[in-house]
Amino acid sequence: LNPEDPDINLEAMVRGEVSMDLKHMSAEARGVVVHKVSTRLVQEANAQDIAWLKLGLYWRFVMANKVYKFAGPHIRSVNDFIKELDLGIKRRELQNYAKLAGIFTRTLRERQVQVPIRKLLKISQMIKEDEGQINEWVDKAIALPMAALEDEVREAKGLPTRDTCSHPE
């Protein structure tokens, strides 16, 4: 593969199957690589955020239907079920993702938007199951960078925002 080719195979480059040096590429070819890598990073991050919400939906189903009780005679509790699955995720994390899925899945699907999971975690504490409130906070999560969103949450809680704190940064 020619690294100067604008249709360069990013997957092959990332796996190390294609030898390339950005310093020796034309500015146009470098731009293509940077764009493709940046786009893939965003796509993978979005896929991960969706995966966490799906995990939460599945956990809600497990708990609502007590699926763990039917997993076998050696599974005596939900904790045994989690250990059996060896997900590498603690029960509390599953519960958090289930909470987020319960609050946000319908709204995000209806609006056809994606919000990073860390932002959903941040705004979830502000939601009281009011549809208007969910939309208001989702709008803020979409529009604001994380630091500004954290300030919005702090302000809504009556706490000082970072820009109004008296301590040096």
Side-chain angles (χ1 to χ4, degrees), residues 1-60 82-127 134-156 159-169:
L1 293 172
N2 177 2
E4 290 290 326
D5 181 357
D7 294 324
I8 196 156
N9 183 340
L10 180 64
E11 297 297 322
M13 287 185 346
V14 170
R15 288 190 305 266
E17 296 169 1
V18 175
S19 176
M20 56 149 279
D21 184 351
L22 287 170
K23 293 178 195 172
H24 294 99
M25 295 174 84
S26 69
E28 181 181 350
R30 255 194 319 271
V32 169
V33 171
V34 169
H35 176 72
K36 285 186 172 194
V37 168
S38 300
T39 300
R40 266 319 268 210
L41 285 169
V42 170
Q43 288 171 343
E44 295 301 329
N46 288 340
Q48 183 178 10
D49 290 336
I50 291 168
W52 290 125
L53 288 175
K54 285 182 179 178
L55 189 63
L57 286 172
Y58 276 99
W59 189 249
R60 287 172 60 91
I82 292 170
K83 286 177 189 170
E84 179 78 13
L85 295 177
D86 194 21
L87 298 174
I89 300 171
K90 295 182 189 263
R91 181 176 179 176
R92 184 75 192 136
E93 287 178 87
L94 289 168
Q95 291 168 327
N96 285 337
Y97 297 132
K99 176 185 174 190
L100 294 177
I103 295 171
F104 296 111
T105 300
R106 192 177 94 240
T107 300
L108 296 175
R109 188 178 301 133
E110 285 172 358
R111 294 178 61 181
Q112 296 182 344
V113 295
Q114 291 180 320
V115 177
I117 199 78
R118 69 186 194 291
K119 287 185 174 184
L120 294 178
L121 280 166
K122 181 54 70 180
I123 66 174
S124 68
Q125 55 193 290
M126 305 309 300
I127 305 296
I134 293 171
N135 283 315
E136 174 188 345
W137 281 102
V138 166
D139 287 342
K140 289 178 183 184
I142 291 168
L144 299 172
M146 190 62 182
L149 183 62
E150 288 170 344
D151 279 344
E152 285 284 324
V153 170
R154 290 182 62 76
E155 188 175 319
L159 300 171
T161 59
R162 287 186 302 175
D163 55 355
T164 58
C165 290
S166 60
H167 62 80
E169 297 215 10

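Values below: every heavy atom of this structure, side chains too, minus hydrogens, waters and symmetry copies.
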Enter the distance from [X]:[atom1] to [Y]:[atom2] here, rounded to the nearest 0.5 Å.
X	Y	atom1	atom2	answer
Leu53	Ile117	CG	CD1	4.0 Å
Leu100	Leu108	CG	CG	10.0 Å
Ile50	Arg109	CD1	CZ	10.5 Å
Ile89	Gln95	CD1	CD	12.5 Å
Leu57	Thr105	CG	OG1	4.0 Å

Minimum heavy-atom separation for Gly56 and Ala101, please, with both atom names.
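Minimum heavy-atom separation between Gly56 and Ala101: C-CB, 3.9 Å.
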Minimum heavy-atom distance between Met126 and Ala156, given as atom pair plus value:
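Closest heavy-atom pair between Met126 and Ala156: CE-CB, 3.4 Å.
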Got Ile123 and Val115 here, is their nearest side-chain heavy-atom distance under 4.5 Å?
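Ile123 vs Val115: side chains apart.
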Would you check if the side chain of Arg154 reaches a backbone N or O of Leu159 as a donor-acceptor pair within less than 3.5 Å?
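Not confirmed, Arg154 side chain does not pair with Leu159 backbone.
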Could I get the full list of side chain to side chain donor-acceptor pair (under 3.5 Å) partners for [X], not counting sequence neighbours?
X	result
Glu84	His74
Glu110	Arg106
Arg15	Glu17

[X]: what forms a salt bridge (charged side-chain N to carboxylate O under 4.0 Å, His left out) with it, not counting sequence neighbours?
X	answer
Glu150	none
Arg118	none
Lys119	none
Asp49	none

Which atom pairs, one a donor and one an acceptor, fall under 3.5 Å between side chains of residues 136-144 and the rest of the protein, sequence neighbours left out?
{"from": "Glu136", "atom 1": "OE2", "to": "Lys140", "atom 2": "NZ", "distance (Å)": "3.4"}
{"from": "Asp139", "atom 1": "OD1", "to": "Arg111", "atom 2": "NH1", "distance (Å)": "3.1"}
{"from": "Asp139", "atom 1": "OD1", "to": "Arg111", "atom 2": "NH2", "distance (Å)": "2.2"}
{"from": "Lys140", "atom 1": "NZ", "to": "Glu152", "atom 2": "OE1", "distance (Å)": "3.3"}

Using side chain to side chain contact (heavy atoms under 4.5 Å, CB included) as the criterion, list what pairs up with Val37, not counting sequence neighbours.
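Per chain and number, Val37 pairs via side chain to side chain contact (heavy atoms under 4.5 Å, CB included) with Leu10, Val33, Leu41.
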Residue pairs passing the ring pair (Phe, Tyr, Trp, His ring centres under 6.0 Å) test where at least one lies in residues 33-54, sequence neighbours excluded
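As it turns out, the ring pair (Phe, Tyr, Trp, His ring centres under 6.0 Å) pairs with a partner in residues 33-54, which skip direct neighbours, are Trp52-Tyr97.
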Among residues two or more places apart or on two chains, list those pairs meeting salt bridge (Lys or Arg N to Asp or Glu O under 4.0 Å) that have a residue in residues 88-100.
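Passing the test, one end in residues 88-100: no pairs.
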Among Val32, Thr39, Val34, which one satisfies side-chain contact (heavy atoms from CB on, under 4.5 Å) with Lys36?
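The side-chain contact (heavy atoms from CB on, under 4.5 Å) with Lys36 is passed solely by Val32 among Val32, Thr39, Val34.
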